[in-house]
Number of protein chains: 2
Amino acid sequence: MSRQKSSEETARKLHSAALHLMRYVRAQDTALGVPPAQLSALSVVVFGGKQSLSDLAHAEQVRPPTMSRIVDALVRDGLVKREIDKRDRRSVVISATDKGVRIMHEGRSRREKRLLELLGGLTKDEIDVLDQASETISKSLAATVH
Amino acid sequence: MSRQKSSEETARKLHSAALHLMRYVRAQDTALGVPPAQLSALSVVVFGGKQSLSDLAHAEQVRPPTMSRIVDALVRDGLVKREIDKRDRRSVVISATDKGVRIMHEGRSRREKRLLELLGGLTKDEIDVLDQASETISKSLAATVH
DNA sequence: TGCTAATAGTTAGCTATGCTAACTATGCAG
DNA sequence: CTGCATAGTTAGCATAGCTAACTATTAGCA
């Protein structure tokens with residue numbers, strides 16, 4: 001029987017757990033040799049498909065000039081392609097190259113492997129609790145429009 | 001009745017939930033006017049007490065030159081004090097000023113308020129699941145030495 | 001004791017990443 | 001066709017990460 005926890009205490013523990021978990025998985029990314037902002041933008045393009053620079057900037061919560069420069073670096077390193085939209089020549093369409101897709105999949109696999117190592121020492125019940133908690137968080141965040 | 005989930009799926013969901021949760025709470029920090037690396041270092045000093053620059057760099061997982069510059073900015077803005085250690089004059093001791101403590105407490109309160117808003121829409125059972133999940137993650141991370 | 005090695009920080013200089021302001025090019029409304 | 005709106009880029013600033021090289025201090029030991 002679990003005693004009643006205060007929401008305040010749960011909020012603090014949740015914050016700490018999420019903070020350290022992200023720090024733990026992000027450590028894997030350095031092996032790819034792609035800096036964090038570029039890697040994050042690349043993941044949006046690889047898993048979300050080709051899109052405009054504005055859309056990409058919005059998805060990553062940065063301003064267009066910041067994303068423009070991140071795309072510069074990704075193009076320079078051959079991870080994405082930048083093309084003018086034929087229907088609106090002001091707009092550019094960013095899409096992943098084969099190399100970009102390959103690197104992103106390697107990155108995802110590394111991060112998942114790292115997380116699976118962590119889950120490896122847990123019981124089925126504990127994993128089920130993590131699964132439910134993840135659902136709850138995602139659902140709450142989706143409901144809180146921002 | 002929950003069906004059997006694969007660990008792979010849980011790992012992906014957990015990663016996504018933690019990523020978006022951190023993005024959500026971090027958005028509160030901009031109101032403080034203290035950049036992210038400085039705010040994070042300040043929290044270590046405020047909640048962990050006075051310590052050397054090396055200890056601080058280690059806690060934040062950055063190199064000493066990086067932390068030296070972050071401390072420069074915090075000293076410039078009057079949030080921490082930098083003093084020479086009397087017992088080892090090579091070493092410096094970083095401690096929070098009253099202003100640093102005040103700002104950090106305000107930041108923590110903002111983040112917690114934000115998280116509590118999120119937890120506010122949940123049932124007691126759902127919060128209990130989040131509490132257990134947080135415990136499990138923290139325990140696993142502590143057990144995995146790195 | 002006095003030389004040598006180790007340790008703690010800083011400085012210099014590079015890259016990356018965030019911003020705003022100001023600009024160019026294109027599209028749209030009338 | 002004129003004028004405003006929109007998409008992106010350029011320029012310039014601040015922050016934050018790194019390594020290499022430096023200074024100052026301490027510790028080890030022959």
Side-chain angles (χ1 to χ4, degrees), chain A residues 22-23 26-45 50-95 103 107, chain B residues 22-23 26-45 50-95 103 107:
Chain A
M22 288 316 297
R23 184 176 283 184
R26 249 198 303 266
Q28 282 311 101
D29 293 345
T30 59
L32 296 173
V34 181
Q38 291 171 39
L39 199 61
S40 187
L42 180 60
S43 86
V44 174
V45 175
K50 56 170 60 172
Q51 53 199 290
S52 74
L53 189 134
S54 305
D55 290 345
L56 204 44
H58 187 255
E60 288 292 87
Q61 301 186 10
V62 298
R63 301 292 171 187
T66 298
M67 187 49 70
S68 186
R69 198 172 27 186
I70 289 170
V71 169
D72 284 347
L74 289 169
V75 167
R76 180 198 63 201
D77 296 339
L79 304 179
V80 305
K81 224 174 13 178
R82 186 198 245 129
E83 290 167 311
I84 293 175
D85 187 326
K86 286 171 173 47
R87 280 168 299 200
D88 183 347
R89 296 175 44 73
R90 291 170 302 182
S91 189
V92 300
V93 179
I94 317 296
S95 52
I103 287 193
Chain B
M22 289 315 296
R23 183 174 285 184
R26 251 198 300 266
Q28 282 310 99
D29 293 346
T30 58
L32 295 173
V34 181
Q38 291 172 38
L39 198 62
S40 187
L42 180 60
S43 85
V44 173
V45 176
K50 56 170 62 176
Q51 52 200 290
S52 75
L53 190 135
S54 305
D55 289 345
L56 203 43
H58 187 257
E60 288 293 271
Q61 300 187 10
V62 299
R63 301 292 171 186
T66 298
M67 187 50 69
S68 185
R69 199 172 26 183
I70 289 171
V71 169
D72 284 347
L74 289 170
V75 168
R76 179 198 63 200
D77 296 340
L79 305 180
V80 305
K81 226 175 12 179
R82 186 199 244 127
E83 292 168 309
I84 292 175
D85 187 327
K86 285 169 171 49
R87 280 169 299 203
D88 182 347
R89 297 174 44 74
R90 291 171 302 182
S91 191
V92 299
V93 179
I94 317 296
S95 52
I103 287 193

Subject >> Intermediate values then yes/no, side-chain contact (heavy atoms from CB on, under 4.5 Å), B:D85 and B:V92 >> reply: CA-CA 5 Å; B:D85 187 327; B:V92 299; over 6 Å; no

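- Distance, B:Q61 CD to D:dC18 P: 10 Å, rounded to whole Å.
- B:Q38 is linked by a side-chain hydrogen bond (donor to acceptor under 3.5 Å, both in side chains) to nothing, counting only residues two or more places apart in sequence or in another chain.
- Applying the salt bridge (Lys or Arg N to Asp or Glu O under 4.0 Å) test to A:D55 and every residue at least two apart in sequence or in another chain returns nothing.
- Across the protein-nucleic acid pair, B:R82 atom CZ and C:dA8 atom P stand 16 Å apart, rounded to whole Å.
- Between A:L74 atom CG and C:dA16 atom P the separation is 11 Å, expressed in whole Å.
- Counting to the nearest Å, the P atom of D:dG17 and the CG atom of A:D29 are 15 Å from each other.
- Going from atom CZ of B:R63 over to atom P of C:dA8 covers 14 Å, rounded to whole Å.
- Spacing between atom CG of B:L53 and atom C1' of C:dT11 amounts to 14 Å, rounded to whole angstrom units.
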For residues 72-82 of chain B, which side-chain donor-acceptor pairs fall under 3.5 Å, sequence neighbours excluded?
{"from": "B:D72", "atom 1": "OD1", "to": "B:R82", "atom 2": "NH1", "distance (Å)": "3.1"}
{"from": "B:D72", "atom 1": "OD1", "to": "B:R82", "atom 2": "NH2", "distance (Å)": "2.8"}
{"from": "B:R82", "atom 1": "NH2", "to": "B:S68", "atom 2": "O", "distance (Å)": "3.2"}

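- Sorted by first then second residue, the salt bridge (charged side-chain N to carboxylate O under 4.0 Å, His left out) pairs that include residues 30-41 of chain A, not counting sequence neighbours, number zero.
- Contacts of A:D88 classified as salt bridge (Lys or Arg N to Asp or Glu O under 4.0 Å), with partners at least two apart in sequence or in another chain: A:R90.
- To the nearest 0.5 Å, atoms OG1 (A:T66) and CG (A:L56) are separated by 12.0 Å.
- When rounded to the nearest whole Å, the span between CE of A:M67 and P of D:dT9 equals 11 Å.
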**OP:** Assign a letter to each nucleotide of nucleotides 21-29 of chain C from its 5' end: B, base within under 4.0 Å of a protein heavy atom; S, sugar-phosphate only; -, no contact.
**Re:** B---BBS--

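- Under the salt bridge (charged side-chain N to carboxylate O under 4.0 Å, His left out) criterion, the residue pairs touching residues 26-41 of chain A are A:D29-A:R111, with sequence neighbours excluded.
- Rounded to an integer number of Å, the gap from A:R26 CZ to D:dG17 C1' is 14 Å.
- Between B:S91 and C:dT7 there is no side-chain N or O to OP1 or OP2 distance below 4.0 Å.
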Distances under 3.5 Å between nitrogen or oxygen atoms of protein and nucleotides 13-16 of chain D:
{"from": "D:dT15", "atom 1": "OP1", "to": "B:R76", "atom 2": "NH2", "distance (Å)": "3.4"}
{"from": "D:dA16", "atom 1": "OP1", "to": "B:A37", "atom 2": "N", "distance (Å)": "2.9"}
{"from": "D:dA16", "atom 1": "OP1", "to": "B:Q38", "atom 2": "N", "distance (Å)": "3.4"}
{"from": "D:dA16", "atom 1": "OP2", "to": "B:Q38", "atom 2": "NE2", "distance (Å)": "2.7"}

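- Partners of A:R63 according to the salt bridge (Lys or Arg N to Asp or Glu O under 4.0 Å) rule, which considers only residues two or more places apart in sequence or in another chain, do not exist here.
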